[in-house]
Amino acid sequence: MRHKPASTTPVPPAAPAAIPDVRPGQSIELLKELHILTRDGKLNQDSRRKLKQVYHLYNFIEPLLDEVMSTRSDLTLADHGAGKSYLGFILYDLFLKAQDRGHIYGIETREALVASSRELATRLGFERMSFLNLSVEESIHSTELPERIDIVTALHACNTATDDAIRFALEKDARFIVLVPCCQAEVAATLRKHKNESFGRTPLSELWRHPIHTREFGSQITNVLRCLLLESHGYQLTVTELVGWEHSMKNELIIARATGQHRGNARERLEQILAELNLEDLRERFVY
């Protein structure tokens with residue numbers, strides 16, 4: 001009996017196994033380039049935390065992207081203080097890549113990070129991403145950005161960089177603002193500067209009598225002032241946790257939606273807090 005020759009039809013390669021904690025459809029190559037995955041496709045503990053935070057933030061932002069897309073012919077998103085642009089790249093990869101419209105702008109003052117992000121976007125074919133080496137003042141007036149931005153994000157923008165993102169968003173008439181503040185030192189420094197004067201002025205100064213309380217109270221009151229500023233400009237706010245505290249201590253998420261309805265006493269409350277806590281030095285940053 002004659003034997004049939006062995007088939008020469010190539011066997012298709014097996015589909016790559018899913019990597020735990022990585023969303024379906026996510027580019028593995030992108031995660032490797034961002035150093036979230038190792039070259040052999042592994043996640044270490046630090047990268048797992050970072051990815052979890054970005055994915056949680058994506059879950060909050062995705063409905064906002066859908067809402068803008070359903071009401072406008074295009075979408076613009078600016079990630080202020082973008083750093084290595086983890087958030088912008090993942091938003092593009094999971095959402096905009098499958099669309100035929102929409103543009104993401106990464107704004108960052110460190111030239112080397114801007115250059116590396118541009119190179120990566122080109123290599124991955126992410127054509128509707130732009131990376132700009134601009135200060136906040138330059139970004140407000142730059143012709144490289146459209147006059148209006150739909151969504152402004154700032155993920156772990158340190159200290160006053162979050163305030164810069166807010167100012168940019170207000171100047172650009174943003175529909176949504178998504179903030180995860182980080183390392184807020186300016187208010188705490190001002191509290192310390194006027195501590196002796198405050199002791200004789202208000203018993204509330206006991207809230208920042210000790211250094212650790214100064215740091216924590218300063219961080220908390222910074223976000224309260226930011227919320228009042230946004231409400232005074234016609235934004236409705238959601239303030240919540242981003243992820244569990246075991247993943248990050250910089251965990252407060254502020255989502256602002258433009259409604260055009262200004263909270264009537266927001267500016268008055270803001271002014272009263274600055275006066276009561278002896279923070280008038282910061283009036284220009286929080287009242288405009």
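Numbering of residues begins at 1 and proceeds along the displayed sequence. Note that the structure is predicted; figures quoted are calculated from it, not measured.
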Query raised in the report: Of the non-hydrogen atoms in Y235 and A169, which two are nearest, and what is the gap between them?
Result: OH-O, 4.3 Å
Report task. In sequence, state the C-alpha distance, the side-chain angles, and the governing distance for D21 and K52, and then conclude on side chain to side chain contact (heavy atoms under 4.5 Å, CB included). Result -> CA-CA 8 Å; D21 301 310; K52 185 179 181 72; over 6 Å; no
Query raised in the report: Do R267 side-chain atoms and Y288 backbone N/O form a donor-acceptor pair below 3.5 Å?
Result: yes
Report task. Taking N159 for its side chain and E186 for its backbone only, find out whether a donor-acceptor pair lies under 3.5 Å. Result ->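 Between the backbone of E186 and the side chain of N159 there is a qualifying donor-acceptor contact (under 3.5 Å).
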Query raised in the report: Can you check whether K193 reaches N278 side chain to side chain, under 4.5 Å on heavy atoms?
Result: no
Query - Side chain to side chain, H210 and E216, heavy atoms closer than 4.5 Å - result: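 Contact flag for H210/E216 side chains = no.
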Report task. Could you tell me whether Y105 and H103 have their ring centroids closer than 6.0 angstrom? Result -> yes
Query - T160: partners by side-chain hydrogen bond (donor to acceptor under 3.5 Å, both in side chains), with sequence neighbours left out - result: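 For T160 there are no side-chain hydrogen bond (donor to acceptor under 3.5 Å, both in side chains) partners, ignoring immediate neighbours.
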Query raised in the report: Quick one: side-chain hydrogen bond (donor to acceptor under 3.5 Å, both in side chains) partners of N44, sequence neighbours excluded?
Result: S47
Report summary line: Test side chain to side chain contact (heavy atoms under 4.5 Å, CB included), reference E252, set T222, N223, V180, output is N223
Would you call [X] and [Y] a salt bridge, using N to O less than 4.0 angstrom?
X: D150; Y: K172; value: no
X: R201; Y: E276; value: no
X: R209; Y: E206; value: yes
X: D173; Y: R148; value: yes

Query raised in the report: Of all residues at least two apart in sequence or in a different chain, which pass the side chain to side chain contact (heavy atoms under 4.5 Å, CB included) check with T153?
Result: I61, L77, D79, L87, I151, V178
Report task. Would you please name every residue forming a side chain to side chain contact (heavy atoms under 4.5 Å, CB included) with R263, sequence neighbours left out? Result ->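 R263 satisfies side chain to side chain contact (heavy atoms under 4.5 Å, CB included) with L228, E231, N265, A266, R269 only.
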Report task. Determine, using the 4.5 Å side-chain heavy-atom cutoff (strictly less than), whether F60 and V152 are members of one ILVMFWY cluster. Result ->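 Result: no, two separate clusters.
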Query raised in the report: salt bridge (charged side-chain N to carboxylate O under 4.0 Å, His left out): which pairs involve residues 152-161, sequence neighbours left out?
Result: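 For residues 152-161, and leaving out neighbouring residues, there are no salt bridge (charged side-chain N to carboxylate O under 4.0 Å, His left out) pairs at all.
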Under 3.5 Å donor-acceptor pairs involving side-chain atoms of residues 22-36, not counting sequence neighbours:
| residue | atom | partner | partner atom | Å |
| --- | --- | --- | --- | --- |
| R23 | NH1 | N59 | OD1 | 2.9 |
| Q26 | OE1 | Y55 | OH | 2.9 |
| Q26 | NE2 | D93 | OD2 | 2.4 |
| S27 | OG | E29 | N | 3.4 |
| S27 | OG | L30 | N | 3.0 |
| K32 | NZ | R39 | O | 3.1 |
| E33 | OE1 | R123 | NH1 | 3.2 |
| E33 | OE2 | R123 | NH1 | 2.4 |

Query raised in the report: With a 3.5 Å cut-off and no angle check, do the side chains of S219 and Q184 form a donor-acceptor pair?
Result: yes
